[in-house]
Amino acid sequence: MKRFSKHKEDWGSFVDVKFWDKEPPKECKSLMISSVTDPYNPLEKKYKRTQAILQQLLDTHHEDTSLLIITKSDLVLRDLPLIKQFKKPRVAFSINTLDESFKDEMDHAVPIEKRIQAMKTLHNNGIRTICFISPIFPEITDVIAIINKVHPYANYIWLENLQLRGDYKLRILDYIKYSHPKLLPLYEKLYKGTIVKAKAYRREYWSKCWTEIKAFCEKNKIPTDSSGDSSKTRENDLKTTCVYNLLHDGSPA
């Protein structure tokens, strides 16, 4: 995504605060906030740009918009009164570990426990909640432990595996080399070597992971879905959790 921003700084070291003077389009069937930058990153406290767009949508009678918010922050609770005015909003929290020390090595987002408590608050207020377990680090992310922890407060649980490419691939492999050296052979097998062999091994690895996760869910009576589309399924069910398999081979290598 850096190629679209025209920034020369390292990815993650800059933020553009956007202001606009246009109204939303007359038809706004769906809106995701957002796939690249956390809409509730620390600067949102000052600039309130996410809050502004939610208010603008409501002021222009877009309550029917299918709203999806993806965040790592409990700051989203500030806008709960606005979110509740949409007919079928969903809020997703990115959680790929319960280990705060590993989380701190990966990013500077709010503690995991705060995210889970925010998820619980939203869920208790009738908001459809999602636990987005992504990226799943092989042999580091304990997917089953996370599912077990969050499923009382999540309507959907999305699973997405670690994908490595470009500079990010080099940084993560370097991190594994120095922080988890015993796992380096596995990561090199998954993400290095010939494209055909690595892709085949990833397919085998993630298929095995899904088999184990599905067995746990079946044992605990948690529904699963491999269709890859949770946008329409179970949309009127606010009581049960469904785990969605979004795992794939992670191509390209």
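Here the structure is a predicted model, which means the values were calculated and not measured. Counting begins at 1 with the first residue of the sequence. As a basis for the values below, the full set of heavy atoms in this structure was taken, side chains included, without hydrogen atoms, waters or symmetry mates.
- More than 12 heavy atoms of other residues, nucleotides or ligands lie within 6.0 Å of CZ in Phe19, so this atom counts as buried by the packing criterion.
- Between Ile136 and Asn96 the shortest side-chain heavy-atom distance does not fall below 4.5 Å.
- By the 30° and 60° cut-offs, the orientation of the rings of Tyr156 relative to Tyr244 is tilted.
- Nearest heavy-atom pair across Ile146 and Ile95 is CD1-O, 4.0 Å.
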Check against side-chain contact (heavy atoms from CB on, under 4.5 Å), Val150 and Thr129: CA-CA 10 Å; Val150 306; Thr129 53; over 6 Å; no
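- Counting only distance, with no hydrogens or angles, the side chain of Asn125 and the backbone of Thr121 share a donor-acceptor pair below 3.5 Å.
- Between atom CG of residue Leu67 and atom CD1 of residue Ile33 there is a gap of 5.5 Å, rounded to the nearest 0.5 Å.
- Side-chain contact between Val243 and Leu159: present, with at least one pair of heavy atoms (C-beta onward) separated by less than 4.5 Å.
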CA sep, side-chain torsions, deciding dist, call: Ile83, Val76, side-chain contact (heavy atoms from CB on, under 4.5 Å): CA-CA 9 Å; Ile83 296 169; Val76 65; 3.8 Å; yes
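- The hydrophobic clustering, which links ILVMFWY residues whose side-chain heavy atoms are closer than 4.5 Å, places Met106 and Leu183 together.
- At a threshold of 4.5 Å between side-chain heavy atoms, the hydrophobic network of Ile, Leu, Val, Met, Phe, Trp and Tyr places Val196 and Tyr191 in two separate groups.
- With contacts defined as side-chain heavy-atom distances shorter than 4.5 Å, the pair Asp16/Thr37 does not qualify.
- Side-chain atoms of Gln55 never come within 3.5 Å of backbone atoms of Leu82 as a donor-acceptor pair (strictly under, hydrogens ignored).
- Here the CG atom belonging to Asp225 is positioned 9.5 Å from the NZ atom belonging to Lys214, to the nearest 0.5 angstrom.
- The shortest side-chain heavy-atom distance between Leu162 and Leu190 does not fall under the 4.5 Å cut-off.
- A salt bridge is defined here as a Lys NZ or Arg NE, NH1 or NH2 lying under 4.0 Å from an Asp or Glu carboxylate O, and Glu113 with Lys149 meets this definition.
- Applying the 6.0 Å contact sphere to CG of Asp167 captures no more than 12 heavy atoms from other residues, nucleotides or ligands.
- Heavy atoms only, all atoms of each residue included: Cys131 and Met119 are closest at CB-CE, 3.9 Å.
- In this structure the side chain of Asp142 never reaches within 4.5 angstrom of the side chain of Leu98, judged on heavy atoms.
- Contact of the Arg78 side chain with the Lys48 side chain is registered, since non-hydrogen atoms from C-beta on lie closer than 4.5 Å.
- In this structure, Tyr187 contributes its side chain and Pro138 its backbone to a donor-acceptor pair below 3.5 Å.
- A pairwise comparison of heavy atoms in Glu160 and Ser134 identifies OE1-OG, 2.8 Å as the closest pair.
- One distance of note links CD of Gln163 with NZ of Lys169; it measures 12.0 Å at 0.5 Å rounding.
- Taken to the nearest 0.5 Å, the CD atom of Glu63 stands 11.5 Å off from the SG atom of Cys28.
- Put simply, the side chain of Ser35 does not reach to within 4.5 Å of the side chain of Ile70, judged on heavy atoms.
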Derivation and outcome, ring pair (Phe, Tyr, Trp, His ring centres under 6.0 Å), residues His62 and Phe86: CA-CA 8 Å; His62 285 77; Phe86 290 87; 9.1 Å; no
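- Under a 3.5 Å cut-off, the side chain of Glu218 and the backbone N or O of Thr224 do not form any donor-acceptor pair.
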Audit row: Val143, Trp210, side-chain contact (heavy atoms from CB on, under 4.5 Å) steps and yes/no: CA-CA 10 Å; Val143 175; Trp210 173 243; over 6 Å; no
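- Each of Val110 and Tyr153 belongs to its own hydrophobic cluster when Ile, Leu, Val, Met, Phe, Trp and Tyr are linked at side-chain heavy-atom distances under 4.5 angstrom.
- Listed for the Asp38 side chain is a donor-acceptor partner under 3.5 Å among the backbone atoms of Lys72.
- Interatomic distance, CD1 of Ile222 versus CD1 of Ile213, reported as 11.5 Å (0.5 Å rounding).
- Residue Asp99 comes nearest to Ser101 through the heavy atom pair OD1-OG, 2.5 Å, listed as atom of the first residue, atom of the second, then distance.
- Put simply, Tyr175 and Leu170 are part of two different groups of oily side chains (I, L, V, M, F, W, Y) that touch within less than 4.5 Å, one to the next.
- Arg128 places no side-chain N or O within 3.5 Å of a backbone atom of Asn155 that could act as its donor or acceptor partner.
- Nearest heavy atom pair, residue Glu100 against residue Ile112, reads OE2-N, 2.8 Å.
- A donor-acceptor pair under 3.5 Å links the side-chain atoms of Glu44 to the main chain of Gln51, judged by distance alone.
- Contact of the Phe93 side chain with the Leu122 side chain is registered, since non-hydrogen atoms from C-beta on lie closer than 4.5 Å.
- A donor-acceptor pair under 3.5 Å is formed between the side chain of Thr60 and the backbone N or O of Leu57.
- Between the side chain of Lys103 and the backbone N or O of Ala109, at least one donor-acceptor pair lies under 3.5 Å.
- The line from CZ of Phe132 to CZ of Arg115 is 13.0 Å long, rounded to the nearest 0.5 Å.
- Heavy atoms only, all atoms of each residue included: Leu80 and Ile127 are closest at CD1-CG1, 4.0 Å.
- Side chain of Thr50 to main chain of Pro39: a donor-acceptor pair is present (N/O by atom type, distance under 3.5 Å, no hydrogens or angles).
- Under 3.5 Å, the side chains of Tyr40 and Asp79 contain a donor-acceptor pair of N or O atoms.
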